[in-house]
Amino acid sequence: MELPVIDLKEYLAFLNGDPSTEKPGPEVIGLCKEVSRVLRETGALLVKDPRCTVEDNDRFIDMMEKYFERPVDFKRQQERPALHYQVGVTPEGVEVPRSLVDGEMQEKLKAMPKEFQPATPEGPDRKWRYMWRVGPRPSNTRFQELNSEPVIPEGFPDWKDTMDSWGYKMIAAIEVVAEMAAIGFGLPKDAFTSLMKQGPHLLAPTGSDLRRYGQESTVFAGYHYDLNFLTIHGRSRFPGLNIWLRNGQKVEVKVPIGCLLIQTGKQIEWLTAGDCIAGMHEVVVTDRTIEAINRATEQNRSLWRVSSTLFSHIASDAVLKPLGHFAESPLASKYPSMCAGEFVEQELSVINLKGSKGEP
């Protein structure tokens with residue numbers, strides 16, 4: 001199955017059009033309904049945003065490849081375990097996939113048809129990650145460790161500009177998709193974006209060493225969902241991402257050049273009372289990954305697989321609860337009201353990040 005590609009230019013034209021036109025026309029509404037439908041049915045969406053170029057993504061990946069290629073001792077200088085790894089670097093062997101610690105999930109996996117089952121990780125994920133806060137933070141918050149100052153490695157003079165530039169562009173794309181999804185779900189246009197203001201958004205690229213771990217079926221990110229609102233990725237230079245549709249089907253994602261991939265997280269599931277569920281996914285070395293490794297080796301390119309991932313969040317002190325008509329859903333009681341920051345801390349504690357380790 002090929003995921004449809006949604007071009008955001010039509011909605012952007014509506015936003016930049018006649019200021020007296022408050023409501024989108026039927027064509028734009030139809031596009032918004034398509035966004036909500038695809039998110040509901042697949043948990044993933046491919047978009048094209050003219051503000052996010054291939055050159056932007058390449059500049060970012062080039063820098064992150066150089067960083068991840070640095071020695072381990074250098075990278076560990078940016079490690080902040082006391083802050084639950086929510087800023088700076090997270091070394092490989094720290095993030096624990098949900099499928100290793102969640103008994104209920106393990107039972108569901110056993111019941112899956114063999115061809116749809118995820119790869120079985122042997123332990124914590126074999127990937128590094130760098131957490132970089134993007135956007136303004138609240139001056140007063142109950143969840144200070146989730147809103148800490150960023151960490152900048154030495155020897156990368158363009159680090160802040162490159163991280164902020166790509167991060168802000170991806171947040172801008174997420175905000176447009178969030179507005180479109182809200183309209184498609186029958187909610188006010190700003191139902192989601194109003195809750196995202198000053199959220200602890202994280203540009204969180206991963207780095208996987210394909211020279212060391214390039215064998216087929218190696219698991220870099222075990223089967224899990226994301227705890228945040230919506231996750232967005234630029235195109236990686238090495239394939240390997242598998243997602244699970246709502247019907248349980250396993251799909252290898254192919255992101256076209258110039259496109260971005262968006263995935264649903266647990267916070268949007270909360271806000272829609274399960275109408276839109278958090279998408280399950282994994283990153284594994286496949287035969288297509290090995291083909292890309294061979295090409296990169298022939299061309300003398302980096303063998304670090306970088307994902308330009310950004311986690312968008314609901315603001316830590318905002319309340320997570322089913323919105324609008326979703327509050328009347330028979331499933332609404334499964335999603336009790338709580339601060340988003342409290343929810344994040346609960347999720348981190350399950351997967352070993354709270355206090356020591358973790359996986360957004």
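Numbering starts at 1 and runs along the sequence shown. Computed from a prediction, not measured in an experiment: that's the story for all the values here.
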Next on the checklist: Lys66 vs Met63, test: side chain to side chain contact (heavy atoms under 4.5 Å, CB included). Steps then yes/no.
Outcome noted: CA-CA 5 Å; Lys66 290 185 178 73; Met63 185 183 76; 5.7 Å; no
Item to check | Audit row: Ile6, Leu45, side chain to side chain contact (heavy atoms under 4.5 Å, CB included) steps and yes/no | outcome: CA-CA 8 Å; Ile6 304 293; Leu45 180 72; 3.5 Å; yes
Next on the checklist: The test is side chain to side chain contact (heavy atoms under 4.5 Å, CB included); show your working for Arg76 and Val89 and say whether it passes.
Outcome noted: CA-CA 7 Å; Arg76 283 192 174 271; Val89 78; 5.7 Å; no
Checklist entry - Are Glu69 and Ser302 close enough, and set up right, to give a side chain to side chain contact (heavy atoms under 4.5 Å, CB included), and what steps lead you there? => result CA-CA 8 Å; Glu69 286 167 353; Ser302 174; 2.7 Å; yes
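With sequence neighbours excluded, no residue forms a side chain to side chain donor-acceptor pair (under 3.5 Å) with Gln77. For Glu269, the side chain to side chain donor-acceptor pair (under 3.5 Å) criterion is met by Lys266, Tyr335, not counting sequence neighbours. Judged as a side-chain contact (heavy atoms from CB on, under 4.5 Å), and not counting sequence neighbours, the contacts of Asp275 are Arg40, Phe185, Thr272, Phe326. Remark: Glu27 pairs with no residue by the side chain to side chain donor-acceptor pair (under 3.5 Å) rule, at least two apart or across chains. Glu115 meets the salt bridge (charged side-chain N to carboxylate O under 4.0 Å, His left out) test with no other residue; sequence neighbours excluded.
Ile232 CD1 to Leu310 CG: the interatomic distance, rounded to the nearest 0.5 Å, is 7.0 Å. Put simply, NE2 on His224 and CD on Glu282 are 10.0 Å apart, with the number rounded to the nearest 0.5 Å. In this structure, the separation between CE on Met170 and OG1 on Thr231 is 10.0 Å, given to the nearest 0.5 Å. Glu95 CD to Arg126 CZ: the interatomic distance, rounded to the nearest 0.5 Å, is 15.0 Å. The NE2 atom of His313 lies 14.0 Å from the CG atom of Leu195; values are rounded to the nearest 0.5 Å. The distance from the NZ atom of Lys189 to the CG atom of Leu15 is 5.5 Å, given to the nearest 0.5 Å.
Side-chain atoms of Arg51 come within 3.5 Å of backbone atoms of Ala172 as a donor-acceptor pair (strictly under, hydrogens ignored). Between the side chain of Asp56 and the main chain of Cys52, no donor-acceptor pair closer than 3.5 Å is present. Remark: the backbone N or O of Met196 is paired with a side-chain donor or acceptor of His201 at under 3.5 angstrom. Glu252 contributes no side-chain N or O that, together with a main-chain N or O of Asn242, makes up a donor-acceptor pair within less than 3.5 Å. Ser316 places no side-chain N or O within donor-acceptor distance of the main-chain N or O of Gly341, the cut-off being under 3.5 Å. A donor-acceptor contact shorter than 3.5 Å is absent between the side chain of Thr42 and the backbone of Leu245. When atom types are taken as modelled, the side chain of Arg133 and the backbone of Gln86 share a donor-acceptor pair closer than 3.5 angstrom. In this structure, Asp226 contributes its side chain and Phe311 its backbone to no donor-acceptor pair below 3.5 Å.
Between the side chains of Asn294 and Thr297, not a single donor N or O lies within less than 3.5 Å of an accepting N or O. A donor-acceptor contact under 3.5 angstrom links the side chains of Glu79 and Tyr85, judged on distance only. Judged by distance alone, the side chains of Asn228 and Ser312 never bring a donor and an acceptor atom under 3.5 Å apart.
Inter-residue side-chain proximity for Thr193 and Ile174 is flagged as unmet; no heavy-atom pair is nearer than 4.5 Å. Between Gln78 and Tyr67, the closest side-chain pair of non-hydrogen atoms falls below 4.5 Å. Ser236 places none of its side-chain heavy atoms less than 4.5 Å from the side chain of Val306.
One hydrophobic cluster holds both Ile268 and Met338 under the rule that ILVMFWY side chains link at heavy-atom gaps under 4.5 Å. Val47 and Leu12 fall within the same hydrophobic cluster, where Ile, Leu, Val, Met, Phe, Trp and Tyr residues are linked whenever their side-chain heavy atoms come under 4.5 Å apart, directly or through other members. Side-chain heavy atoms closer than 4.5 Å link hydrophobic residues (I, L, V, M, F, W, Y) into clusters, and following such links, possibly through other members, connects Ile61 to Tyr168. Linking ILVMFWY side-chain heavy atoms closer than 4.5 Å, directly or via other members, places Leu271 and Val319 in two distinct hydrophobic clusters. Both Val28 and Leu187 belong to a common hydrophobic cluster when Ile, Leu, Val, Met, Phe, Trp and Tyr are linked at side-chain heavy-atom distances under 4.5 angstrom.
Across Ala332 and Ala327, no two heavy atoms sit closer than the pair CB-O, 3.5 Å.
Within the structure, salt bridge (charged side-chain N to carboxylate O under 4.0 Å, His left out) pairs that include any residue of residues 293-302 do not occur (at least two apart or interchain). Residue pairs satisfying the side-chain hydrogen bond (donor to acceptor under 3.5 Å, both in side chains) criterion with at least one member in residues 3-14, sequence neighbours excluded, are listed as follows: Tyr11-Glu179. For residues 30-56, no pair satisfies ring-ring contact (aromatic ring centres under 6.0 Å, His included), with sequence neighbours left out.
The pair Glu107-Lys110 meets the salt-bridge criterion, since a charged nitrogen lies less than 4.0 angstrom from a carboxylate oxygen. Ionic pairing of Glu65 and Arg70 is not present here: no N-O contact between side-chain nitrogen and carboxylate oxygen is shorter than 4.0 angstrom.
Judged by the 6.0 Å distance and 45° axis criteria, Lys321 is not positioned over the aromatic ring of Trp270.
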What donor-acceptor contacts under 3.5 angstrom involve side-chain atoms of residues 153-162, with partners at least two apart or in another chain?
| from | atom 1 | to | atom 2 | distance (Å) |
| --- | --- | --- | --- | --- |
| Lys160 | NZ | Asp164 | OD2 | 2.8 |
| Thr162 | OG1 | Arg59 | NH2 | 3.3 |
| Thr162 | OG1 | Asp158 | O | 2.8 |

Return all side-chain donor-acceptor pairs below 3.5 angstrom for residues 254-263, not counting sequence neighbours, or 'none' if the list is empty.
| from | atom 1 | to | atom 2 | distance (Å) |
| --- | --- | --- | --- | --- |
| Gln263 | OE1 | His233 | NE2 | 2.6 |
| Gln263 | NE2 | His281 | ND1 | 3.3 |

Between side-chain atoms of residues 30-39 and protein atoms elsewhere (two or more places apart, or another chain), which donor-acceptor pairs fall under 3.5 Å?
| from | atom 1 | to | atom 2 | distance (Å) |
| --- | --- | --- | --- | --- |
| Glu34 | OE1 | Arg37 | NE | 3.0 |
| Glu34 | OE1 | Arg37 | NH2 | 3.4 |
| Glu34 | OE2 | Arg37 | NH2 | 2.9 |
| Ser36 | OG | Lys33 | O | 3.0 |
| Ser36 | OG | Gly184 | O | 3.4 |
| Arg37 | NH1 | Glu41 | OE1 | 2.8 |

Residues 202-216 side chain polar contacts: donor-acceptor under 3.5 Å, at least two apart:
| from | atom 1 | to | atom 2 | distance (Å) |
| --- | --- | --- | --- | --- |
| Thr206 | OG1 | Ser307 | OG | 2.7 |
| Asp209 | OD1 | Arg211 | N | 3.1 |
| Asp209 | OD1 | Arg212 | N | 3.4 |
| Arg212 | NH1 | Glu92 | OE2 | 3.4 |
| Tyr213 | OH | Glu92 | OE2 | 2.7 |

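The environment of Glu104 atom CD is sparse: at most 12 non-hydrogen atoms of other residues, nucleotides or ligands sit within 6.0 angstrom. Counting heavy-atom neighbours within 6.0 Å of Lys48 NZ, excluding the residue itself, gives a total of 12 or less.
Within the 6.0 Å centre-distance limit, the rings of Trp244 and Tyr223 are counted as a close aromatic pair.
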